[in-house]
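This report concerns only the one structure given below.
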Number of protein chains: 2
Amino acid sequence: MPRAGLAPATVVAAGAALADEVGLAHLTMNLLARRIGVRPPSLYKHVESLQSLYRGIALQGKRELREALTRATAGQTGGTAVHAFAAAYRRWVLEHPGRYAATVRAPAAHDEEDRRSSEEGLRVLLDVLADFPLHDGHAIHATRTLRSALHGFASLESAGGFGLAEDVDRSFRFLVDTLVTVLQTDRPDRGGPA
Amino acid sequence: MPRAGLAPATVVAAGAALADEVGLAHLTMNLLARRIGVRPPSLYKHVESLQSLYRGIALQGKRELREALTRATAGQTGGTAVHAFAAAYRRWVLEHPGRYAATVRAPAAHDEEDRRSSEEGLRVLLDVLADFPLHDGHAIHATRTLRSALHGFASLESAGGFGLAEDVDRSFRFLVDTLVTVLQTDRPDRGGPA
DNA sequence: GCTTCTTAGCTAATGGTAGTAGCCAAATGG
DNA sequence: CCATTTGGCTACTACCATTAGCTAAGAAGC
């Protein structure tokens, strides 16, 4: 019998695609093996464990998301860039729910590569925010605010959390408009003591 | 041998507590049974399945969270109420990560009780926002924006998503300040066509 | 108090899961 | 062409959720 010609990256990629289809929680070694056309134990020649498969999907997902965000915001500035960033983020999450679920899982305690990957993703956002007149030290808070809002919206939407589907587009524009407005009118006391 | 005196509610409550300790993903019937002092199959006299245990934990969590939010905002208005709401939300999530993870899972397709429970939680938020001068139809968008931002922040923080722990409190104040500011200065075109 | 009925907890077993051990043939490199 | 490496396999273990069927604890009626 001929070999399947697998490699760690192909297994992870197939896992990512399958996770998007059936949901990360329903991704099993058994199912992935059937999809690839191989018996389950064979997968362990390419990935250490199910957990390491999750990690691989997360790393691939973070890379892909970062590329999508970079592409979407290339050559844009200010509010336009933020809108483009937000739209690309939301679209990517909706199109890749399994990958996204993997990226959201907390990385292992001392996983340097994973940490660095997350950091690089943040840099894209920081670059987008660089155009705004933020006060000292506010960039990190603005980044976290934007990231929280986008992550929250996208994951709630992806999980079907917004009862009625209607007007969700408009809600998203409202959210992004809101944040852009605030970024343009930063005040030095924002985030200060209550 | 004497009976353990269990009931569905006590099993769910123990499951919720255990989920907070070990993480929802590590909650197993085996572990829960040991915790309660009973053999695994006995649990099935009180809960239908692991999935229905998740659902029970989610329902209990939503009720508890709603109560905490109602308590925190009682008698408060405007920005103060929003800050109190946000602080209570964040605190509850940090203190009950397992319960919260359960509440976030999408409810089954036609689970009326679960849907109603989520809706009642939203009403607390709508009440808090009732003080603000929002334009027609903006209340639903503002609700979703606030909910997204809080859910996003809390779940990222709960998952250890903000690299350095320092300044996270300040980031949260920044986020809430930001949203309160915007709520107080709503514009009719917000959320309109790009 | 005694009997009857219901049912909570048990043991035993099933099928599915992740993962390991060890074999063998396919590819690789001299 | 031979030696080595290695990818996929079968067979197995341990653990998971879950079911079947038994037994005794407790409640209900008399």
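Below, chains carry the letters A, B, ... as their sequence lines are ordered, and counting in each starts from 1.
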Tell me which donor-acceptor pairs under 3.5 Å the side chains of residues 175-185 of chain A have, and how far apart each pair is, sequence neighbours excluded?
| from | atom 1 | to | atom 2 | distance (Å) |
| --- | --- | --- | --- | --- |
| Asp177(A) | OD1 | His83(A) | NE2 | 2.9 |
| Asp177(A) | OD2 | Gly191(B) | N | 2.9 |
| Thr178(A) | OG1 | Phe174(A) | O | 2.7 |
| Thr181(A) | OG1 | Asp177(A) | O | 2.8 |
| Thr181(A) | OG1 | Arg190(B) | NH1 | 3.3 |
| Thr185(A) | OG1 | Thr181(A) | O | 3.1 |

Looking at Thr73(B) and Gln76(B), would you say the former's side chain and the latter's main chain have a donor-acceptor pair under 3.5 Å?
no

Should His96(B) and Trp92(B) count as side-chain neighbours, where that means a heavy-atom distance under 4.5 Å?
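In short, these two side chains touch, coming nearer than 4.5 Å.
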
Can you confirm whether Glu95(B) sits close enough to Tyr100(B) that some side-chain heavy atom of one is under 4.5 Å from a side-chain heavy atom of the other?
no

Let me check something: any side-chain donor-acceptor pairs from residues 128-136 of chain B under 3.5 Å, sequence neighbours excluded? List them with distances.
| from | atom 1 | to | atom 2 | distance (Å) |
| --- | --- | --- | --- | --- |
| Asp131(B) | OD2 | Gly78(B) | N | 2.9 |
| His135(B) | ND1 | Asp186(B) | OD2 | 2.9 |

Between residues 10-38 of chain B and DNA chain D, which residues have a heavy-atom gap below 4.0 Å?
Thr28(B), Met29(B), Asn30(B)

Mind listing the residues from residues 39-51 of chain A sitting with a heavy atom below 4.0 Å of DNA chain D? Number order is fine.
Arg39(A), Pro41(A), Ser42(A), Lys45(A), His46(A)

Cluster partners of Tyr54(B), using ILVMFWY side-chain heavy atoms under 4.5 angstrom, listed by chain and number?
Leu6(B), Val11(B), Val12(B), Leu18(B), Val22(B), Leu24(B), Leu27(B), Met29(B), Leu31(B), Leu32(B), Ile36(B), Val38(B), Leu43(B), Tyr44(B), Val47(B), Leu50(B), Leu53(B), Ile57(B)

Pairs where residues 142-159 of chain B contributes a residue and the test salt bridge (charged side-chain N to carboxylate O under 4.0 Å, His left out) is met, not counting sequence neighbours:
Arg90(B)-Glu157(B)

